[in-house]
2 protein chains.
Amino acid sequence: MARYHDIAEAVRGAITRGFYERGSQLPSERELSEEFDVAPGTIRQALGELETEGVLASRRGSRRTVVGEPRPAATFEEFRSFAQWASSRGRVPAGHVISGVWQDASPLDREELRLPTAARVFCVVRVRLLDGSAIMVERTRYRDSVGAEVEQISSDCPSVTAWLAATANITFSRAEHQFSACPAGAEDARLLNVRRGSPLLMHKRVSFSRDGLPLEWSVDRYVAGTISLVVDNSLNANALRWA
Amino acid sequence: MARYHDIAEAVRGAITRGFYERGSQLPSERELSEEFDVAPGTIRQALGELETEGVLASRRGSRRTVVGEPRPAATFEEFRSFAQWASSRGRVPAGHVISGVWQDASPLDREELRLPTAARVFCVVRVRLLDGSAIMVERTRYRDSVGAEVEQISSDCPSVTAWLAATANITFSRAEHQFSACPAGAEDARLLNVRRGSPLLMHKRVSFSRDGLPLEWSVDRYVAGTISLVVDNSLNANALRWA
DNA sequence: AAGTGGTCTAGACCACGTT
DNA sequence: ACGTGGTCTAGACCACTTT
């Protein structure tokens, strides 16, 4: 739809097809604006997209440089949702609910979800399978408005995210993630079929609505070696920090 | 220097000071352009910066919404460099080199660093300390041009990154990171003073120059519980993917 | 000196969401 | 119907780098 996005895709495609080689130089923005018959600003917007992806690096005075392979450009949803990620890779996601109960919000819940002093949260423990084997246990706590919807989802629904978007018009637009490592606890070991104390990748996540309201927070634990996380960052765009 | 950046900072500051409350609504872009006496496009660029940070969320028809607390906006360097991160937090970074040797590039080196079939790499093993205790072991492999500089660095230099920038004019402009969990091996256990098999956060990293040339790649292993990684993503800007 | 990217102007039109 | 953000135009000037 947007012209600048089409141009970005066109340039990305030209790089993929080898028309522009790695390390070679793109035409100047003014030349490109004539070639595509758009205003220079539109070209800048297009190239800006590719710069953020790390495909291009710009230099003044000299000419801008083609840097690397274009990335598949993973979407936000693909990352946030286990099922959508798996499907996009041609793997088979599955999952079942171990428990789903309403609890009074703990102080931690109230902080993460910005809840008033008296509030309930819907707590779900799920085990996620990839191609038939358990790789992750997920402990999620939903704020009441979302929990009321989640409660109605059948326990073997492959994608909670997709269900919420389709039937309750609840979508996530931003998330904050924290990663660390931890030893498997007793319940982890039982659910994931690993030994106690074996290494797990821990992923804490808080997901927000478009309005910035925290909708859920979750602690997921992955069996080491099954899955890993990839992040790009650059001088232009950095979404990472240590804590 | 750039007007749009000043405006972004001004709005960020206004949010921090509570002038705009969380969940409240910003003036329209046209109003802001009058207030700051700039063209509308400049305002868009400024607000775009805040949207990517997740501080603002925009909606059409209604008015755009102030979403959350402004983040400290960690810089790329702060994340890439252990020493710079630690210093910025008022903690004491230290490190010493366990070994530093030239080796023939392995097939893996050649792939990660895009080297020709015959090439050397400079391999360094370092232990990093935070406030006096060992928390990370780092195994880095530099391409020869960088290795030649690294070789001259004294073994207790706190920040290799800062040294390279200052004396050899070598700067990193982009990096790709991969995170997973793994058990401590024999050497890890000895260097980090933990038991074999205890969980470590594994961080593989490839760093690139402005021109997209891979300069080094590294596998760092952190003692679980000492440090964790935080990432933001959103529908607008997503730098994460599973692998 | 010439060319480039980075920034900015002062508009325009459209699609969308709310009223 | 109206106001909003999203996109785009057709320029301009400056800072920087290389020639």
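We name chains A, B, ... by the order of the sequence lines, and we start the count at 1 in each one. Side chains are part of it too, since the values below use all heavy atoms of this structure and drop only hydrogens, waters and symmetry mates.
Close to D/dT9, at under 4.0 Å from its OP1 or OP2, lies a side-chain N or O of A/Thr42. Between B/Ser28 and D/dG3 there is no side-chain polar atom (N or O) within less than 4.0 angstrom of OP1 or OP2. Checking the phosphate oxygens (OP1, OP2) of D/dT7, no side-chain nitrogen or oxygen of A/Arg3 falls inside 4.0 Å. Within the structure, every side-chain polar atom (N or O) of A/Arg60 is placed at least 4.0 Å from both OP1 and OP2 of D/dA15.
Rounded to whole Å, the distance from CD1 on B/Ile43 to P on C/dA10 is 13 Å. A/Glu51 has its CD atom 9 Å from the C1' atom of C/dG5, to the nearest Å. With rounding to whole Å, A/Phe36 atom CZ is found 19 Å from D/dA10 atom C1'. Rounded to an integer number of Å, the gap from CG of A/Leu56 to C1' of C/dT4 is 15 Å. Rounded to whole Å, the distance from CG on B/Leu26 to P on D/dG3 is 19 Å. In this structure, A/Gln25 atom CD and C/dG5 atom P are separated by 10 Å, rounded to whole Å. Taking atom OH on A/Tyr4 and atom C1' on D/dC8, their separation rounds to 12 Å, with Å as the unit. In this structure, B/Glu29 atom CD and C/dA12 atom P are separated by 17 Å, rounded to whole Å.
Across the interface with DNA chain D, nearest-nucleotide mapping of A/Val38 and B/Arg59 shows B/Arg59 to be the residue nearer the 5′ end.
Judged by distance alone, with hydrogens and angles left aside, B/Arg63 brings no side-chain donor or acceptor close enough to the base of C/dG17 to form a pair under 3.5 Å.
Nucleic acid contact class of B/Arg30 (heavy atoms, under 4.0 Å, all strands): base.
Of the listed residues (B/Tyr142, B/Trp217, B/Phe172), just one forms a side-chain contact (heavy atoms from CB on, under 4.5 Å) with B/Ser207, and that residue is B/Phe172.
The nearest pair of heavy atoms linking A/Gly68 to A/Ile15 is O-CG2, 3.8 Å. Closest of all the heavy-atom pairs between A/Arg210 and A/Thr171 is NH1-OG1, 3.9 Å.
Between A/Phe79 and B/Trp242, the ring center distance clears the sub-6.0 Å criterion.
Looking at B/Arg12 and B/Glu53, a side-chain N of the basic residue comes within less than 4.0 Å of a carboxylate O on the acidic one, giving a salt bridge.
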